[in-house]
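Structure, as structure tokens:
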Amino acid sequence: MVILLSIGFWQTDIRIQQANKEKTTEEVSQVPVSREAFIEKIAPEAQKLEKQYGVLASISIAQAALESNWGQSELSAKYNNFFGVKSSAGQPSVTLATKEFENNQWVTINDSFRVYNSWQDSMASHAKLLFSGTSDNPQRYATVVQATDYKTAANGLVTGGYATDPTYADKIIHMIETYHLNKYDDK
């Protein structure tokens, strides 16, 4: 039994080493080593997008951190999707398991997520989505874009239907307050 376990660990280690060798130096250097490094990495892009689309930088940073587990989730690390954005027909996508809150309980489903060329593309797409809304409701996230404070914006995400998690706004607000992300806001 010990030999089988050792072989299993050895094979897993080889797969991890091979996967790491397949990553380019640029991809490896994009993985932040700390939460603070993640914030410092994306804050300038969030501030640029706030000026362009009106989405508070603190909201973008907090959502990216929460949705991507600080850039460490498979969806963000492999597919540059920092916001859990689902794909539409014709868009590059990957199918992954995700948890959704349905009928007052958490369920795991497989869903199709958008694949981006870079994390910057993911951030720009997120800001455009909040600014433009959806095809069925262009005003879906108007409250988020018009908000001058992060609490109003976070609650606007929930009323707009961004996430199924009933505590989503609280999590975003907590993230902003814990890491003082509102210092990046321009409004």
Side-chain angles (χ1 to χ4, degrees), residues 32 35-36 38-39 41-43 45-47 49-50 53-77 79-88 91 93-116 119 121-185 187:
R35 291 175 177 186
E36 291 75 17
F38 181 84
I39 293 167
K41 174 183 163 181
I42 71 168
E45 189 71 14
Q47 289 174 308
L49 293 167
E50 178 180 344
Y53 294 103
V55 179
L56 293 170
S58 62
I59 291 293
S60 294
I61 297 166
Q63 279 194 277
L66 180 65
E67 296 279 352
S68 74
N69 189 28
W70 301 95
Q72 302 303 306
S73 72
E74 179 180 9
L75 185 59
S76 62
Y79 306 105
N80 295 309
N81 186 332
F82 277 13
F83 298 93
V85 174
K86 307 275 176 44
S87 67
S88 298
Q91 294 178 325
S93 65
V94 61
T95 300
L96 297 171
T98 185
K99 290 187 177 187
E100 299 287 344
F101 194 77
E102 297 176 357
N103 301 319
N104 292 320
Q105 64 181 345
W106 287 102
V107 295
T108 300
I109 62 167
N110 289 320
D111 214 337
S112 184
F113 291 91
R114 178 93 186 262
V115 173
Y116 294 97
W119 62 266
D121 288 348
S122 173
M123 291 191 71
S125 177
H126 171 260
K128 287 176 194 173
L129 169 67
L130 296 179
F131 180 78
S132 300
T134 56
S135 59
D136 68 316
N137 184 358
Q139 295 299 309
R140 182 177 301 275
Y141 303 111
T143 303
V144 178
V145 175
Q146 295 166 1
T148 56
D149 68 277
Y150 62 87
K151 289 181 180 178
T152 301
N155 284 300
L157 289 168
V158 173
T159 58
Y162 190 89
T164 60
D165 182 349
T167 63
Y168 192 76
D170 295 333
K171 290 176 181 177
I172 295 296
I173 291 166
H174 178 73
M175 180 92 56
I176 291 168
E177 291 176 349
T178 300
Y179 295 97
H180 310 287
L181 301 179
N182 58 319
K183 71 182 178 185
Y184 297 104
D185 293 341
K187 288 187 181 180

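Please read all numbers here as calculations on a predicted model, not as lab measurements.
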S112: side chain to side chain contact (heavy atoms under 4.5 Å, CB included) partners, not counting sequence neighbours: S87, S93, T95
Write down the atom of G156, the atom of V144, and the distance for their closest heavy-atom approach. C-CG2, 3.5 Å
Who are the side chain to side chain contact (heavy atoms under 4.5 Å, CB included) partners of T143, not counting sequence neighbours? T152
Heavy-atom pair of closest approach, residues T148 and L56: C-CD1, 4.3 Å
Among Y150, W70, F38, which one satisfies ring pair (Phe, Tyr, Trp, His ring centres under 6.0 Å) with Y179? W70
How close do I61 and A46 get, counting heavy atoms only, and between which atoms? CG1-CB, 3.8 Å
Residues A62 and I176: closest non-hydrogen pair is CB-CG1, 3.7 Å
Going by atom types alone, do S122 and N80 pair a side-chain donor with an acceptor below 3.5 Å? no
Could you list the residues that satisfy salt bridge (charged side-chain N to carboxylate O under 4.0 Å, His left out) with E74, not counting sequence neighbours? K78
Spacing of F113 atom CZ and F83 atom CZ [to the nearest 0.5 Å]: 14.5 Å
Is S73 reaching over with its side chain to a backbone N or O of S76, donor-acceptor style, under 3.5 angstrom? yes
List for me each residue that meets salt bridge (charged side-chain N to carboxylate O under 4.0 Å, His left out) alongside K151, sequence neighbours excluded, and say none if there are none. E177
List the residues meeting salt bridge (charged side-chain N to carboxylate O under 4.0 Å, His left out) with D111, not counting sequence neighbours, and say none if there are none. K86
At their closest point, which heavy atom of L130 faces which heavy atom of V145, and how far apart are they? O-CG2, 3.3 Å
Are any side-chain N or O atoms of S68 and backbone N or O atoms of A64, one a donor and one an acceptor, separated by less than 3.5 Å? yes
Does R114 have any salt bridge (charged side-chain N to carboxylate O under 4.0 Å, His left out) partners at least two apart in sequence or in another chain, and if so, which? none
Exam field: side chain N81 to backbone V85, donor-acceptor pair closer than 3.5 Å: yes
Please report the interatomic distance OG(S135) to CZ(R140), rounded to the nearest 0.5 Å. 8.5 Å
If we ignore hydrogens and angles and just use 3.5 Å, is the side chain of Q47 paired with the main-chain N or O of Y184 as donor and acceptor? yes
I'd like to check L129 versus T134 (side-chain heavy atoms, cut-off strictly below 4.5 Å). Are they in contact? yes
Has the side chain of Q72 got a donor or acceptor atom that lies under 3.5 Å from a matching backbone atom of N69? no
Taking all non-hydrogen atoms of both residues, which atom of A57 and which atom of D185 are closest, and how far apart? N-OD1, 3.2 Å
